[in-house]
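Just so it is clear, the model here is predicted, and its values are computed rather than measured. If you read the sequence from its start, that first residue is 1, and numbering goes on from there.
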Amino acid sequence: MLVVGGGFAGLSAAVAALRAGKEVILIDKRLWLGGDGALSSGIFYAADTELQKKAGIKNVSKEDYWKQICAGTDDEPLTKVRDNSRNSPVYFGVTKHNPDVLRRVSDNTTNVIKFISDYGIEFLPLNPAKPFQLPMLKKSVQQFPAKMIEEIKGKGGQILLNTKALKLITADGRVIGVQAEQKNQTFDIKADAVILATGGFLDNKYLMKKYKGFWSTAPAAIGAVGEKRAFDRTGDGIMMGREIGAALEDMESMPKLAGRMEVGLPFISWTIFDVEPAFFVSPKGKRLLDEHVGRYAGCSLALMREKEPYGFVVFGSETFNGKNKGRFNLEKGLQKGSIFRGDSPEELAKKVGIPPEEFSKTFNRFNHDAANGKDTEFGRKDPLFRPLTAPYYISTKGYPGAYKTEGGLEVNEHLQVLRAKDDKPIEGLYAAGSTCGSITARINDAVSSGLLAGEEAASSVK
């Protein structure tokens with residue numbers, strides 16, 4: 001078997017196939033493995049796990065999870081992923097072609113957390129207000145791919161780095177391998193089954209312009225602002241599948257949006273709105289959304305919608321001294337200049353260059369509304385909607401951008417890639433992770449689809 005791509009999805013697929021007793025070759029065009037998952041905040045979503053049971057969190061069955069993500073009450077709704085924020089006026093409500101794929105991948109997240117936990121990987125304490133959200137410890141984000149790589153090598157799997165897949169090799173309508181390139185040498189790798197896990201297409205100008213429209217103008221939020229990065233998220237698997245007549249799905253959807261700081265500054269992640277009292281303001285000092293519902297994607301989207309270049313996170317001493325201070329680098333941010341402290345709203349505003357008078361109005365209105373339990377601007381109702389206590393804090397500029405694309409090759413519930421002309425499986429070809437258009441680009445779905453693709457591909461060959 002051949003796995004193309006060594007991110008969370010590809011590594012998971014390789015491990016699953018090896019555990020099924022198959023010989024596996026994994027190739028990646030980079031010089032390192034782990035993909036974008038290794039750069040993520042490590043937040044998983046899952047149902048019916050031992051972690052939730054130990055924390056005493058109830059109503060987290062697979063059926064509960066499916067209902068919540070279909071309703072879109074937390075992050076993007078799986079069956080409505082053309083937009084990953086409920087605050088957007090466009091695309092919301094458009095469904096995937098085959099909900100059975102989504103359901104199988106979401107049901108399998110129970111196994112995903114067991115798979116990760118069996119490596120000894122640890123998670124942060126769970127938040128009952130976010131019952132399906134399981135954030136990894138910071139160090140675990142790098143430990144997880146390292147453990148998978150160790151198992152792949154230990155089970156005799158072959159890993160080829162700096163090896164780019166160029167095109168799929170077919171015979172009688174079946175995929176039998178790929179043509180690859182390493183150090184300017186082209187060669188064929190034959191395989192009984194090929195799993196494409198090459199990620200999304202954020203850096204593919206052709207695909208972005210053709211399918212993303214307005215979203216193609218969003219700056220890529222990979223790394224910090226001003227940081228050098230590799231422009232290699234080119235959707236190689238999607239392009240290779242497209243060349244042999246594979247069906248594409250959800251290519252017009254909105255990419256995943258997030259925020260980032262300038263290079264050299266500790267980033268204060270906008271996922272802070274999930275777990276701590278805080279709010280978000282524009283350069284004009286105004287709130288733009290229900291922060292808890294909108295989350296990091298909503299903050300980026302709100303800035304883009306208002307044509308604002310950046311925004312600021314505002315919080316109080318309860319958050320700065322809270323249990324998540326380490327997770328969000330708050331003390332480090334204060335020391336390094338990505339967080340500023342003040343005893344009044346006016347002092348905060350002056351430190352980051354936003355209008356003091358307007359910001360003070362926003363700040364006082366937020367505290368007044370939170371004290372009275374009624375958000376008169378955006379209807380926020382979550383338990384974290386509480387008045388901020390002095391001293392107060394504000395982040396430096398946080399910039400919006402896209403960090404993952406939705407959309408890719410269409411698959412069936414067995415993760416087999418489908419042919420565009422008749423929606424029948426292309427024999428020998430599977431897709432997982434962001435290469436697969438039938439799931440979301442979240443890391444839990446990347447791992448889930450990788451495990452399933454590895455198992456399915458393994459069972460299809462002798």
Side-chain angles (χ1 to χ4, degrees), residues 1-22 24 26 35 37 44-49 62 65-66 69 78-79 81 96-119 132 134 144-145 148 151-152 155 157 175 191-200 237-238 241 246-247 249-250 406-418 425-461:
M1 284 180 48
L2 173 64
V3 178
V4 184
F8 279 16
L11 291 172
S12 300
V15 170
L18 284 163
R19 289 182 180 183
K22 304 303 177 184
V24 173
L26 183 148
F44 284 76
Y45 289 80
D48 195 26
T49 71
K62 294 177 182 179
Y65 181 46
W66 181 246
I69 52 186
L78 281 184
T79 55
V81 294
K96 291 285 192 178
H97 294 175
N98 188 352
D100 291 341
V101 177
L102 307 176
R103 182 61 191 263
R104 188 177 183 207
V105 170
S106 70
D107 281 353
N108 193 51
T109 55
T110 304
N111 296 326
V112 167
I113 301 304
K114 184 179 186 305
F115 174 68
I116 297 170
S117 299
D118 284 348
Y119 281 127
F132 299 104
L134 291 83
F144 177 43
M148 288 192 285
E151 181 172 357
I152 291 168
K155 283 186 163 60
V175 172
D192 294 321
V194 174
I195 300 173
L196 297 175
T198 57
I238 297 169
E249 179 180 10
D250 208 34
E406 297 277 0
L409 301 175
E410 187 175 358
V411 301
N412 61 17
E413 60 269 29
H414 302 291
L415 283 303
Q416 294 173 292
V417 176
L418 303 182
I426 299 174
E427 294 297 322
L429 187 61
Y430 299 79
S434 297
T435 307
C436 173
S438 302
I439 61 171
T440 75
R442 295 188 298 184
I443 53 176
N444 45 278
D445 291 337
V447 176
S448 181
S449 63
L451 292 174
L452 291 171
E455 292 166 3
E456 290 283 359
S459 67
S460 72
V461 299

Sort out for me which residue in T110, N111, D118 forms a side-chain hydrogen bond (donor to acceptor under 3.5 Å, both in side chains) with K114. D118
Testing the 3.5 Å rule here: is there a donor-acceptor pair between the side chains of D445 and T440? yes
What's the spacing between N412 CG and R104 CZ if we round to 0.5 Å? 9.0 Å
Please report the interatomic distance CD(Q416) to OG(S460), rounded to the nearest 0.5 Å. 7.5 Å
Nearest heavy atoms of A453 and A432, plus distance in Å: CB-CB, 4.2 Å
Can you tell me how far CG of L196 sits from CG of L415, rounded to the nearest 0.5 angstrom? 11.5 Å
The ring-ring contact (aromatic ring centres under 6.0 Å, His included) partners of Y430 (sequence neighbours excluded) come to none
Can you sort out the partners of A446 under side-chain contact (heavy atoms from CB on, under 4.5 Å), two or more places apart, ordered by chain and number? A9
Please find the pair of heavy atoms, one from L409 and one from G241, that lie closest to each other, and give the distance. CD2-CA, 4.1 Å
Shortest non-hydrogen pair, A191 vs V194, comes out as CB-CG2, 4.4 Å
Quick one: does any side-chain atom of S438 pair with a main-chain N or O of V411 as donor and acceptor, under 3.5 Å? yes
With sequence neighbours excluded, residues passing side chain to side chain donor-acceptor pair (under 3.5 Å) with S448: N108
From the list L26, V24, V3, side chain to side chain contact (heavy atoms under 4.5 Å, CB included) partner of I195 resolves to V3
Enter the distance from M148:CE to I152:CD1 here, rounded to the nearest 0.5 Å. 7.0 Å
If every non-hydrogen atom of G437 is compared with every non-hydrogen atom of D250, which pair is closest and at what distance? O-CB, 4.0 Å
Would a 4.5 Å heavy-atom cut-off, applied to side chains only, mark V417 and P425 as touching? no
Could you give the distance from CD (E406) to OG (S434), rounded to the nearest 0.5 Å? 7.5 Å
Residues in side-chain contact (heavy atoms from CB on, under 4.5 Å) with D192, at least two apart? V461
Under 3.5 Å, is there a donor-acceptor pair between the side chain of S12 and the main chain of L451? no
Quick one: does any side-chain atom of T435 pair with a main-chain N or O of I238 as donor and acceptor, under 3.5 Å? no
All side-chain contact (heavy atoms from CB on, under 4.5 Å) counterparts of D100, not counting sequence neighbours: N98
Restricting to side-chain contact (heavy atoms from CB on, under 4.5 Å), what partner residues turn up for I443, sequence neighbours left out? F8, S40, F44
Smallest separation among heavy atoms of D107 and K62, with atom names: O-CE, 3.3 Å
Student check: side-chain heavy atoms of T109 and F132 closer than 4.5 Å: no
Between atom CG of L18 and atom NZ of K155, what is the distance when rounded to the nearest 0.5 Å? 7.5 Å
